[in-house]
There are 2 protein chains.
Amino acid sequence: MNINTATSIFESLSSGIRLDVFRLLVKKGLEGMVAGEIASTLNIPPTNLSFHLKALTHSHLLSVEQEGRFQRYRANIPLMQTLITYLTEECCDGHPEHCPDLQMKTKCGDMTFETQKSL
Amino acid sequence: MNINTATSIFESLSSGIRLDVFRLLVKKGLEGMVAGEIASTLNIPPTNLSFHLKALTHSHLLSVEQEGRFQRYRANIPLMQTLITYLTEECCDGHPEHCPDLQMKTKCGDMTFETQKSL
DNA sequence: CAATTATTTCAATATATGTTGAATAGTTGT
DNA sequence: ACAACTATTCAACATATATTGAAATAATTG
């Protein structure tokens with residue numbers, strides 16, 4: 001993942017509406033949802049939703065597939081995993097002492113959640 | 001972590017300049033950097049950098065401490081960890097089959113991670 | 001093939017964000 | 001107090017994003 005991809009994804013998730021849409025579609029998994037269904041679930045005018053779906057699709061956080069006269073959207077979970085990996089590396093590579101999850105991964109059983117107290 | 005905090009962080013990281021600043025400060029760890037040092041390192045006019053530092057500080061991704069006539073900025077790594085946890089849960093709660101990391105975690109000493117659900 | 005349905009595009013408008021140089025405020029050393 | 005230094009705020013301008021209803025596009029139905 002390069003920095004342009006990352007900023008593009010962050011930009012996509014920086015709107016409340018888009019984050020709502022993405023989280024909704026994550027819950028739906030492979031089933032996904034068609035545009036109108038998303039619009040009625042989240043109470044967003046179709047025109048506006050279309051604007052946000054376009055942004056999410058352009059950053060590849062959503063995939064879209066035509067299904068008759070419907071457009072079915074699905075969350076791109078592998079891309080989100082790539083983003084999580086990128087963030088984990090960015091934050092912990094230089095300073096693994098701050099990253100209990102990574103420590104846990106390598107040691108498997110020596111867990112201290114001290115750094116999370118401030119969360 | 002609630003959705004407003006998340007969107008605020010995403011908004012902060014949606015600018016190339018701000019992501020560069022954050023990544024730079026992550027590398028510096030506890031040492032951090034003063035504003036002028038960041039500006040010269042990344043070749044950003046001080047006025048513009050100040051604008052972005054303010055955004056990053058406001059979303060709590062950076063902390064700032066006065067040091068004589070300098071302002072020393074540091075990355076808030078615990079907050080980034082919280083974000084990573086949030087994203088992981090958002091993406092994997094419903095579909096653990098897509099999340100090898102979480103599967104691995106559950107195999108490591110039977111940790112249920114209840115403490116993280118509330119983040 | 002006209003009517004219906006689903007969604008997007010377009011045009012207009014409103015709001016928000018990004019960038020810059022000049023002015024400002026706080027800090028240090030003389 | 002003063003001059004030099006660091007960083008921010010301000011004002012102006014430029015650019016980008018968000019929202020809406022009407023019109024257009026595309027697929028389906030009768």
Side-chain angles (χ1 to χ4, degrees), chain A residues 3-25 28 31-76, chain B residues 3-25 28 31-76:
Chain A
I3 194 167
N4 294 319
T5 309
T7 53
S8 158
I9 295 173
F10 289 134
E11 207 283 327
S12 268
L13 297 176
S14 68
S15 140
I17 288 180
R18 289 194 293 267
L19 189 49
D20 283 342
V21 169
F22 183 75
R23 298 200 311 153
L24 180 61
L25 288 174
K28 289 286 179 168
E31 184 193 352
M33 287 175 88
V34 300
E37 203 182 350
I38 300 170
S40 59
T41 301
L42 299 178
N43 269 286
I44 305 166
T47 316
N48 191 17
L49 178 64
S50 201
F51 170 83
H52 291 294
L53 287 174
K54 192 179 178 181
L56 283 160
T57 305
H58 189 257
S59 72
H60 302 105
L61 274 174
L62 299 186
S63 66
V64 57
E65 185 188 13
Q66 184 150 4
E67 197 175 291
R69 53 184 147 183
F70 300 86
Q71 299 289 121
R72 183 166 295 273
Y73 288 89
R74 293 183 182 88
N76 182 354
Chain B
I3 194 166
N4 294 320
T5 308
T7 53
S8 160
I9 295 173
F10 289 135
E11 207 284 328
S12 267
L13 297 175
S14 69
S15 141
I17 288 181
R18 290 195 291 266
L19 189 48
D20 283 342
V21 169
F22 183 75
R23 299 200 311 153
L24 180 62
L25 288 174
K28 291 284 178 170
E31 184 194 352
M33 287 175 88
V34 299
E37 204 182 348
I38 300 170
S40 60
T41 301
L42 299 177
N43 269 285
I44 305 166
T47 316
N48 191 17
L49 178 65
S50 203
F51 170 83
H52 291 295
L53 288 174
K54 190 178 177 181
L56 284 160
T57 305
H58 189 257
S59 73
H60 302 104
L61 274 173
L62 299 186
S63 66
V64 58
E65 184 188 12
Q66 185 150 4
E67 195 176 292
R69 52 184 142 183
F70 300 87
Q71 299 289 122
R72 184 166 296 272
Y73 288 88
R74 293 182 180 88
N76 182 354

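Chain letters run A, B, ... following the sequence lines, proteins first and then strands; every chain starts at 1.
- Applying the salt bridge (Lys or Arg N to Asp or Glu O under 4.0 Å) definition to pairs two or more places apart or across chains, none involves residues 41-60 of chain B.
- The stretch residues 38-49 of chain A comes close to DNA chain C through A/P46, A/T47, each having a heavy atom under 4.0 Å from the strand.
- Distance alone, capped at 3.5 Å, places no donor-acceptor pair between the A/S8 side chain and the A/N4 backbone.
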Exercise. Could you go step by step and tell me if A/D20 and A/I44 meet the side chain to side chain contact (heavy atoms under 4.5 Å, CB included) rule?
Worked result: CA-CA 11 Å; A/D20 283 342; A/I44 305 166; over 6 Å; no
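- Between the P atom of C/dA6 and the CE atom of A/M33 lies a distance of 14 Å, rounded to the nearest Å.
- Checked against salt bridge (charged side-chain N to carboxylate O under 4.0 Å, His left out), B/E31 has no partners two or more places apart in sequence or in another chain.
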Exercise. Could you go step by step and tell me if A/L53 and A/V64 meet the side chain to side chain contact (heavy atoms under 4.5 Å, CB included) rule?
Worked result: CA-CA 9 Å; A/L53 287 174; A/V64 57; over 6 Å; no
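- Within the 4.5 Å cutoff, the side chain of A/E65 has no heavy atoms near those of the A/Q71 side chain.
- Counting to the nearest Å, the C1' atom of D/dA16 and the CD atom of B/E11 are 12 Å from each other.
- Side-chain atoms of A/F51 lie closest to D/dT17 of the nucleotides C/dT8, D/dT17, C/dG18.
- In terms of position along DNA chain D, the nucleotide closest to B/V34 lies nearer the 5' end than the nucleotide closest to the other residue of the pair A/H52 and B/V34.
- Rounded to a whole Å, the CG atom of B/L19 is 13 Å from the P atom of C/dG18.
- Here B/E37 pairs with nothing under the side-chain hydrogen bond (donor to acceptor under 3.5 Å, both in side chains) rule; sequence neighbours left out.
- Taking the side-chain hydrogen bond (donor to acceptor under 3.5 Å, both in side chains) definition, one finds that A/T57 meets it with nothing, sequence neighbours left out.
- For DNA chain C, the neighbouring residues in residues 53-74 of chain B, judged by any heavy atom under 4.0 Å, are B/Q66, B/G68, B/R69.
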